[in-house]
Amino acid sequence: MKTRVYILYTGGTLGMAPQDADDPDSPLEPKPFADLLRFLPGFSDSTSQRRNRLKLDSGSLIELGCDSIEPVDSSDISPQHWVQIAQKIQSVYTDYDGFIVLHGTDTMAYTSSALSFMFENLDKPIVLTGSQRPIAATRTDAVLNFINAMYVAGYQVTGLPLIPEVVIVFADKVLRGCRATKVSSSGWAGFDSPNFPPLGTIGERIVIDPRYLLPRSEGKCLSVETDLVSRVCSISLFPGFPAGSMRQLFLAREIDGIVLCTYGAGNVPTAPDFLAMVAQSVRGDALISLAGDVQRQAIPHGRLIVAISQCTQGIVEMGLYANSCGILERGVLSGLDMTPEAALTKLMWTLGSRTGADRVACMQTSQRGEQTAGHR
Ligand code: ASP
């Protein structure tokens with residue numbers, strides 16, 4: 001039995017080494033894919049003509065294809081990279097049964113969320129993984145993370161169920177990509193999905209829980225939406241929030257969508273200047289160029305503002321407290337229990353792929369299992 005898995009390297013700690021080869025404590029920087037090959041199970045060295053494949057204990061084979069983008073620390077990842085990653089996977093989609101993206105952990109949850117939205121009717125697993133320590137380090141977690149990702153992507157020969165989703169495989173969990181968030185900068189268990197159960201657990205065995213998987217989109221063709229609007233921002237409230245100086249951002253002509261990180265269940269200050277600014281932003285009837293000049297100009301739909309919670313766990317329920325009624329009445333949408341990563345990338349994707357009232361409907365509906373479907 002054999003299957004084919006495609007690996008795309010984008011950088012991150014997994015493929016990093018110290019800047020100064022003679023100083024192990026010098027800052028880590030990304031290295032080319034060729035430098036990793038001798039550490040990656042299934043790969044021979046870059047000069048070998050041998051086909052890359054991983055032989056499992058069962059005797060089954062996973063044949064490996066690979067590619068790389070210019071490797072970066074994932075703090076440098078941008079929406080253009082998401083498009084590049086999506087297009088590379090799309091170009092080989094019919095040739096492989098599963099896909100692995102090797103990625104830095106810092107923004108992995110943004111990439112996994114963005115890819116979740118970009119791939120519609122996905123019927124093969126796209127697995128993101130990386131590591132907390134470089135693959136060349138003696139105490140690395142990269143090899144096990146990579147092998148576990150391979151087991152999920154190579155489901156056809158590993159006996160695991162097909163997960164027709166973008167997922168993060170990291171340490172002891174398989175997580176829905178648009179529910180995951182980085183929870184530790186140093187612990188092996190770097191990721192969690194605080195508002196949704198893991199799709200699977202990884203220990204001596206990998207156990208996938210079929211109850212939590214999205215249904216397969218049988219018979220429907222894959223489509224990849226690469227039009228993302230990155231004219232968005234994320235604004236986190238804090239006591240003493242200076243509404244006056246934030247007007248620049250709320251009313252900026254260059255901003256089409258805002259993720260508003262509210263307190264608890266969607267609560268915000270009741271200060272009239274804050275609420276007036278939110279109303280103007282949603283209506284789109286006042287625009288400030290970031291260069292400074294104020295213009296009054298009606299724009300068709302105003303900005304999409306979506307409220308999420310600063311709490312890692314729980315759901316936005318606007319209307320539960322009087323302090324959330326103001327933004328509800330002014331047209332702010334509920335982000336329910338979305339992660340900040342999912343909310344921001346869903347906003348970019350919605351603005352790029354929908355127009356008018358469809359945008360509101362799209363934001364308020366679960367698209368890839370990123371939020372609890374119903375809302376108050
Ligand atoms: N700074 C690294 C990155 O995100 C961290 C990591 O990969 O763990 O690329």
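In each ligand, atom 1 is the first atom listed, and ligand 1 is the first ligand listed.
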Taking the six-membered ring for Trp, are Phe241 and Phe250 parallel (under 30°), tilted (30 to 60°) or perpendicular (over 60°)? perpendicular

For atom 5 (C) of ligand 1, what's the nearest protein heavy-atom neighbour? Residue, atom name and distance, please. Thr13 OG1, 3.2 Å

Which is it for Pro30 and ligand 1 at heavy atoms under 4.0 Å: side chain, backbone, both or neither? neither

Minimal heavy-atom distance between His103 and Met108, with the atoms involved, is O-CE, 3.3 Å

Taking the side chain as every heavy atom from C-beta outward, state whether Phe191 and Thr181 have any pair of such atoms under 4.5 Å apart. no

Contact check, side chains of Leu175 and Phe196, non-hydrogen atoms, under 4.5 Å: no

Please identify which atoms of ligand 1 are closer than 4.0 Å to at least one heavy atom of Gly12. 7 (O), 9 (O)

Against ligand 1, does Ser131 come closer than 4.0 Å with any heavy atom? yes

Do me a favour and list the nearest non-hydrogen protein atom to atom 1 (N) of ligand 1 with residue, atom name and distance? Asp106 OD2, 2.7 Å

Atom 8 (O) of ligand 1: nearest protein contact (heavy atom, Å): Thr105 OG1, 2.5 Å

Heavy-atom pairs closer than 4.0 Å: do any link ligand 1 to the side chain of Met16, the backbone, both, or neither? side chain

Pairs of donor and acceptor atoms involving the side chains of residues 14-24, under 3.5 Å and at least two apart or interchain, shall be tabulated with distances.
| unit_1 | atom_1 | unit_2 | atom_2 | d |
| --- | --- | --- | --- | --- |
| Asp20 | OD1 | Asp22 | N | 2.8 |
| Asp23 | OD1 | Asp25 | N | 2.9 |

Do Cys362 and Trp349 pass the side-chain contact (heavy atoms from CB on, under 4.5 Å) test, and can you show the C-alpha distance, the side-chain angles, and the key distance before you say yes or no? CA-CA 10 Å; Cys362 180; Trp349 169 78; 3.5 Å; yes

I'd like to check whether Asp73 has a polar contact with ligand 1, where a contact means an N/O of the residue lying under 3.5 Å from an N/O of the ligand. yes

What pairs meet the salt bridge (charged side-chain N to carboxylate O under 4.0 Å, His left out) rule with one or both residues in residues 172-188, with sequence neighbours excluded? Asp106-Lys182, Glu165-Arg176, Arg179-Asp337

If you scan protein heavy atoms around atom 4 (O) of ligand 1, the nearest is Ser74 OG, 2.5 Å

